[in-house]
Amino acid sequence: MPAALKLHDTLTRTDREVTPLDGKTLRFYCCGPTVYGPAHIGNFRTFVAQDVMRRVVEASGTATLHVRNITDVDDKTIRDSQKAAQTLLDFTQCWTQKFHTDCAALSLLPPHIEPSAVAHISQQVAMIEKLIAGGHAYAAADGSVYFRVSSFKDYGRLSHLEDRELRLGASEAASATDSDEYTKDSLTDFALWKARKPEDGENFWPSPWGEGRPGWHLECSAMILEYLGEDFDLHSGGVDLIFPHHENEIAQSCCSTHGKFAHHWMHVAHLMVDGGKMSKSIGNLYTLEDLAKRGYSAAEVRYVLISGHYRAPLNFTMHSLDSARQALQKLAKADKALERGTAPLPASPGPFAEAWETLLNDLNVPGAIGSIFGVLNKLKPAALSAEEATATRNGLHFMLQALGLTLPAIADEAAADVPADIQALAQQRWDAKQAKDWAAADILRKQLEAAGWLIKDSKEGFTIIPK
RNA sequence: GGCGAGGUAGCAAAGUGGUAAUGCACUGGUCUGCAAAACCGGUAUGCGCGGGUUCAAUUCCCGCCCUCGCCUCCA
């Protein structure tokens with residue numbers, strides 16, 4: 001098996017090999033969804049990219065420990081659960097379930113551990129206590145606790161915002177009017193614990209500083225410490241999380257433990273729709289369900305989501321889904337043509353070595369897919385020996401497994417039950433054709449087409465396939 | 001304003017200091033009564049714009065334009 005995956009690291013801005021600290025298992029953390037509604041395809045781009053990363057690492061022979069959290073307490077989950085007249089728990093469990101359904105449809109490998117924020121309140125409180133003891137945090141008069149950014153000299157390293165003070169001058173006027181802000185010592189400080197407010201309803205927990213709930217950034221730091229420890233291999237999320245979320249995680253964790261926190265940072269670029277950003281108001285924010293209504297499968301969505309390099313913005317269009325459908329069909333047909341008896345489990349890229357190398361180079365999925373097609377296009381399946389065909393098919397399956405692609409049924413074979421009237425019309429057409437009554441045959445074919453069925457003729461007869 | 005990512009054929013998207021993968025779409029041929037499918041081909045003298053370095057630049061350097069993201073709780 002070729003060498004390890006080389007992956008771009010946001011912190012050092014270099015491509016670095018991904019090798020486990022313990023030499024055996026790559027332990028990594030992904031920021032998960034906030035469960036207050038269905039995730040959209042932009043969210044899923046990030047999760048799919050992370051999934052490919054994990055699959056490639058595993059395909060290269062390294063085990064993984066994948067931790068991804070569920071954010072089930074924040075302003076939005078509280079607000080929308082109240083709107084829905086549900087308890088926070090019922091509300092977030094419902095959306096968590098929906099998330100899992102979508103993930104499975106997209107062939108995302110489930111994380112080994114999926115901790116929820118509300119299930120780890122005590123760990124978060126403990127971390128705050130450590131931070132206060134170390135002089136990195138302070139309780140405000142209202143019972144909120146804030147992280148003192150000035151106490152951590154490395155703050156801003158990940159996002160390269162070391163000169164943020166200049167910027168703060170400009171935004172100070174706006175922030176000063178926000179009633180939430182005036183209890184903080186500095187505008188840059190962020191909340192670790194938020195004091196209970198009337199609008200929180202029943203959603204509060206006890207703490208040494210009074211009733212309240214944890215701050216968003218803290219959740220991840222506490223759960224990472226619990227499951228991955230003070231040092232772990234890799235941390236990933238969307239680019240928008242670099243600042244402030246990941247910056248704050250680093251501050252909290254490094255100031256409350258002796259570890260270095262994440263040793264590698266992977267960030268996934270955003271998905272755009274029709275050349276612009278996604279937004280609810282424009283109405284171009286799609287969920288899997290939206291696309292299913294338009295007849296597109298999750299597998300087709302996955303293909304589109306990985307069809308651009310994860311670090312470059314990707315433009316999503318309906319046409320790209322059509323394109324994905326055809327590409328998957330082409331792969332399925334190629335796979336079928338290579339079928340000879342039983343194929344052993346895929347174990348190596350075989351003739352697709354170049355594609356595999358491309359994938360190991362910072363997860364160049366589009367390059368790898370291009371290379372796969374390149375090999376398939378040159379292939380003459382009929383000329384291959386059974387052994388060669390099997391080896392090629394194994395290699396193809398190895399690559400598909402690494403990319404998480406499942407092949408669709410080939411259109412011909414997918415033929416559903418043909419209604420009797422359609423069958424009869426098709427037979428009529430065949431008879432007309434045999435009688436060389438081309439005009440009648442063509443009219444009948446058009447009728448069938450209008451009804452949604454295509455006819456494929458061969459010497460012996462015809463087949464009917466859904467359009 | 002600061003920081004970051006990107007601008008490659010109709011659409012999407014790789015890549016490289018020596019003259020542009022791949023998928024879709026389009027198109028020519030074989031086949032077919034005609035189609036469909038399949039198979040064999042074709043389609044960017046050009047890689048945002050203007051300079052520079054070089055024997056040679058889409059690829060390196062400088063400037064500019066445009067798009068997208070972040071700038072305190074958005075993947």
Side-chain angles (χ1 to χ4, degrees), chain A residues 10 13 30-34 39-50 71 74-76 149 156 159-164 166-168 170-171 175 178 180-181 184 187-191 194 215-219 236-245 247-248 267-272 275-279 303-304 307-309 311-331 333 337 354-355 358 364-374 376-377 380 411-412 433 436-439 441-442 445 449 454-459 462-463 465:
Chain A
T10 312
R13 298 190 191 185
C30 303
C31 289
T34 300
H40 55 72
I41 53 172
N43 297 314
F44 280 120
R45 183 191 188 189
T46 298
F47 299 131
V48 168
Q50 292 161 343
T71 295
D74 79 324
D75 290 338
K76 287 177 297 226
V149 167
S159 54
H160 305 271
L161 284 177
E162 282 127 78
D163 56 341
R164 39 205 319 280
L166 291 171
R167 218 172 19 72
L168 283 165
S171 64
S175 299
D178 187 334
D180 273 353
E181 307 291 338
K184 299 198 289 190
L187 284 166
T188 58
D189 293 349
F190 57 90
K194 305 180 93 163
W216 179 53
H217 309 298
L218 188 67
E219 301 173 3
S236 176
V239 280
D240 53 320
L241 296 185
I242 294 173
F243 188 87
H245 186 55
E247 203 70 76
N248 291 353
H267 288 102
V268 183
H270 275 184
L271 186 72
M272 300 195 299
K277 60 177 170 183
M278 288 193 307
S279 91
Y303 189 95
V304 172
S307 68
H309 188 99
R311 287 203 291 133
L314 174 66
N315 191 22
F316 178 90
T317 63
M318 286 301 150
H319 181 256
S320 63
L321 277 171
D322 293 328
S323 181
R325 171 168 299 172
Q326 293 309 118
L328 284 166
Q329 273 292 312
K330 193 166 175 172
L331 286 171
K333 283 173 186 170
E354 183 190 272
T358 303
N364 186 350
V365 174
I369 292 179
S371 171
I372 290 171
F373 277 111
L376 293 176
N377 287 340
K380 305 266 186 275
D412 295 26
K433 185 183 158 170
K436 297 201 190 296
D437 184 354
W438 310 131
D442 287 350
R445 182 162 62 196
E449 220 172 291
L454 293 176
I455 303 296
K456 272 174 68 176
D457 288 344
S458 66
K459 277 181 189 165
F462 59 92
T463 50
I465 56 174

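The figures here come from the full heavy-atom set of this structure, side chains too, leaving out hydrogens, waters and symmetry mates.
For A/Arg445, there are no side-chain hydrogen bond (donor to acceptor under 3.5 Å, both in side chains) partners at least two apart in sequence or on another chain. Here A/Glu354 pairs with A/Ser371 under the side-chain hydrogen bond (donor to acceptor under 3.5 Å, both in side chains) rule; sequence neighbours left out. For A/His267, the ring-ring contact (aromatic ring centres under 6.0 Å, His included) criterion is met by A/His246, A/Trp265, not counting sequence neighbours. Under the ring-ring contact (aromatic ring centres under 6.0 Å, His included) criterion, A/Phe44 pairs with A/Phe99, sequence neighbours left out. With sequence neighbours excluded, no residue forms a ring-ring contact (aromatic ring centres under 6.0 Å, His included) with A/His270. Taking A/Asp442 as the reference, nothing meets the side-chain hydrogen bond (donor to acceptor under 3.5 Å, both in side chains) condition, with sequence neighbours excluded. Every residue two or more places apart in sequence or in another chain that forms a side-chain hydrogen bond (donor to acceptor under 3.5 Å, both in side chains) with A/His40 is listed here: A/Asn43.
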Show the distances under 3.5 angstrom between N or O atoms of the protein and N or O atoms of nucleotides 40-44 of chain B.
| from | atom 1 | to | atom 2 | distance (Å) |
| --- | --- | --- | --- | --- |
| B/rC40 | OP1 | A/Lys380 | NZ | 3.4 |

Short heteroatom pairs, N/O only, protein and nucleotides 13-15 of chain B, under 3.5 Å:
| from | atom 1 | to | atom 2 | distance (Å) |
| --- | --- | --- | --- | --- |
| B/rA13 | OP1 | A/Asn315 | N | 3.0 |
| B/rA14 | OP1 | A/His309 | N | 2.6 |
| B/rA14 | O3' | A/Asn364 | ND2 | 2.9 |
| B/rG15 | OP1 | A/Asn364 | ND2 | 2.8 |

Atom pairs, N/O to N/O, protein against nucleotides 46-48 of chain B, distance under 3.5 Å?
none

Using the 3.5 Å cut-off, write out each protein N or O paired with an N or O of nucleotides 27-34 of chain B and the distance between them.
| from | atom 1 | to | atom 2 | distance (Å) |
| --- | --- | --- | --- | --- |
| B/rG33 | N1 | A/Asp442 | OD1 | 3.1 |
| B/rG33 | N2 | A/Asp442 | OD2 | 2.8 |
| B/rC34 | O2 | A/Arg445 | NH2 | 2.6 |
| B/rC34 | N3 | A/Arg445 | NH1 | 3.3 |
| B/rC34 | N3 | A/Arg445 | NH2 | 3.2 |

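In this structure, A/His319 reaches the bases: a heavy-atom distance under 4.0 Å links it to at least one base atom across the strands shown. Among the heavy atoms of the strands lying under 4.0 Å from A/Leu241 are primed sugar atoms or P, OP1, OP2 only; no base atom is included. Residue contacts for A/Met278: at a heavy-atom cut-off of 4.0 Å it reaches a base atom on one of the strands shown. A/Gly238 comes within 4.0 angstrom of sugar-phosphate atoms only, judged by non-hydrogen atoms across all strands, and of no base.
Take the nearest nucleotide of RNA chain B for A/Pro33 and for A/Phe373: the residue whose nucleotide is more 5' is A/Phe373.
A sub-4.0 Å separation between OP1 or OP2 of B/rA38 and a side-chain N or O of A/Lys456 is absent.
Paired runs in RNA chain B that reach 3 or more consecutive Watson-Crick or G-U pairs, where each pair keeps both distances under 3.5 Å, cover B:1-7 with B:65-71, B:10-12 with B:22-24, B:26-30 with B:38-42, B:48-52 with B:60-64.
The base of B/rA12 does not come close enough to the side chain of A/Ser320 for any donor and acceptor atom to sit less than 3.5 Å apart.
Using cut-offs of 30° and 60° on the angle between ring planes, the pair A/Phe190 and A/His217 is perpendicular.
The main-chain N or O of A/Ser159 is found under 3.5 Å from a side-chain atom of A/Glu247 such that the two form a donor-acceptor pair.
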